[in-house]
Amino acid sequence: MSLYRNTVWFLKGLREYTKGGYESAAKHFVAEDLQVDITGKSYMITGGNSGIGKAAALAIAKKGGTVHLVCRNEERAEEAKKDIVANSGSESVLVHLLDMSNPKQICDFAEKFKTEHKLNVLINNAGCMVNKREVTDDGIEKNFATNVLGTYILTRALLPALEKEDDARVVMVSSGGMLVQKLDVSDLQFENGTFDGTMAYAQNKRQQVILTEHWAKSHPKIHFSAMHPGWADTPAVRSSMPDFYEKMKNRLRTEEQGADTVVWLAVSSAATKLPSGLFFQDRKPVSTHLPLASTHSSPEDEETLLKILQDMFQRFSPAA
């Protein structure tokens, strides 16, 4: 089954996820969707110092939004801020230092942020693909800690701030790679068998989509969406997937093309006319499953994932 999934997915990717796929889809974009003034609105972007996150941050700053860059590395964050300010003409760019693999730090950051700032839109963009199994100081596998637990804790902790605002949104930057994975709650931290960083990442991205669907049902005042940016030429792709990058580099999307749907979901009124909880590719909702790939999960498994994350959230939250 995994060979079938991977083959179908790769053929789909060659057609849809490349620069050519973007250019084909873009013929149907409505230019007016992004002709908006978002002055006075506040946007948090995790991993906003490079790649798709930085491209989205720049586009949002150009439209007048206040941008909160949440980054791990101070030097790179400040450099990104300088670039965004210079290229957008906006001074409303703030840097927050945070390690998305550190649950306690995330909880503390979110509590402080809520007392100092408002938040209209959260863009969960930060992620990692560690190709050898590593654990954090808390004993949590690094990919899961960053991509799933960190994202879950930050979103959960900021929901009260979002629910205070009109037209609040959460955008999850997931990946089409999740299409090759069925939720597996039996080994969330990849302790058994041979570790494969690419498959761990894809499993994490499947989990993100399930979280998006869950939150859409449980928090109707906020518009939730997940999306696939396509195959883009970013520093993360170059460092984490060097073989893929070498084979595909001439067909990869630009960072701006990868960020287009992130920005569209974050600012356009067209996005919120569609139901909450959907998965998007090039400004259109698409299926979260490949045909005949047997990747649908049971409600019981999804509840197990949510229960594990909820328990971990309680363990690290300030009230714990």
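Applying the 6.0 Å contact sphere to NZ of Lys221 captures more than 12 heavy atoms from other residues, nucleotides or ligands. Summarising the local packing, CD of Glu163 is surrounded by more than 12 heavy atoms from other residues, nucleotides or ligands at distances under 6.0 Å. Residue Glu75 qualifies as open at atom CD: its count of foreign heavy atoms under 6.0 Å is 12 or below. Around the CD atom of Gln35, the shell of radius 6.0 Å holds more than 12 heavy atoms that belong to other residues, nucleotides or ligands. Under a cut-off of 6.0 angstrom, the local environment of CZ in Arg76 is sparse, with at most 12 non-hydrogen atoms contributed by other residues, nucleotides or ligands.
With sequence neighbours excluded, the residues satisfying side chain to side chain contact (heavy atoms under 4.5 Å, CB included) with Val135 are Arg133.
At least one donor-acceptor pair under 3.5 Å links the side chain of Ser42 to the backbone N or O of Lys118. Remark: side-chain polar atoms of Ser239 are paired, donor with acceptor, to backbone N or O of Ala236 under 3.5 angstrom. Between the Thr18 side chain and the Gly21 main chain, a donor and an acceptor come within less than 3.5 Å of each other. Here the side chain of Gln281 pairs no donor or acceptor atom with the backbone of Pro229 at under 3.5 angstrom. A donor-acceptor distance shorter than 3.5 angstrom exists from the side chain of Thr7 to the backbone of Leu3, with no hydrogens or angles considered. Looking only at distances, a side-chain donor or acceptor of Asp187 sits under 3.5 Å from a matching main-chain atom of Asn192. Judged by distance alone, with hydrogens and angles left aside, the side-chain atoms of Thr261 form a donor-acceptor pair with the main-chain N or O of Arg283 at under 3.5 Å. Here the side chain of Gln105 pairs a donor or acceptor atom with the backbone of Asp99 at under 3.5 angstrom. A donor-acceptor pair is defined here as one N or O able to donate and one able to accept, closer than 3.5 Å; no such pair exists between the side chain of Asn204 and the backbone of Val148. Thr46 places a side-chain N or O within donor-acceptor distance of the main-chain N or O of Ala126, the cut-off being under 3.5 Å.
With respect to His68, the ring pair (Phe, Tyr, Trp, His ring centres under 6.0 Å) criterion is satisfied by exactly one of Tyr43, Phe109, Phe113: Phe113. No option in Trp231, Tyr17, Tyr4 other than Trp231 meets the ring pair (Phe, Tyr, Trp, His ring centres under 6.0 Å) test with Phe10. Residue Gln181 forms a side chain to side chain donor-acceptor pair (under 3.5 Å) with just one option from Lys205, Gln203, Arg206, and that option is Gln203.
Looking at Lys182 and Asp301, no side-chain N of the basic residue comes within less than 4.0 Å of a carboxylate O on the acidic one, giving no salt bridge. Salt bridge absent: Asp233 and Lys249 never bring a charged side-chain N and a carboxylate O closer than 4.0 Å. Using a cut-off of 4.0 Å between Lys/Arg side-chain N and Asp/Glu carboxylate O, Asp138 and Arg315 are scored as not salt-bridged. Under a 4.0 Å N-O distance rule, the pair Asp243/Lys247 does not qualify as a salt bridge.
Of all non-hydrogen atoms in Ser101 and Thr136, the two that sit nearest each other are O-CG2, 3.9 Å.
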**Study point:** Steps toward side-chain contact (heavy atoms from CB on, under 4.5 Å) verdict (Leu211, Leu309)
**Key:** CA-CA 10 Å; Leu211 288 177; Leu309 291 169; 3.8 Å; yes
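You'll find the side chain of Val262 reaches within 4.5 Å of the side chain of Met227, heavy atoms only. Within the 4.5 Å cutoff, the side chain of Met248 has heavy atoms near those of the Leu14 side chain. Side-chain atoms of Asn120 and Asp167, non-hydrogen and from C-beta on, never get closer than 4.5 Å to each other.
A cation-pi arrangement, defined by a distance under 6.0 Å to the six-membered ring centre and an angle within 45 degrees of its axis, is present between Arg156 and Phe313.
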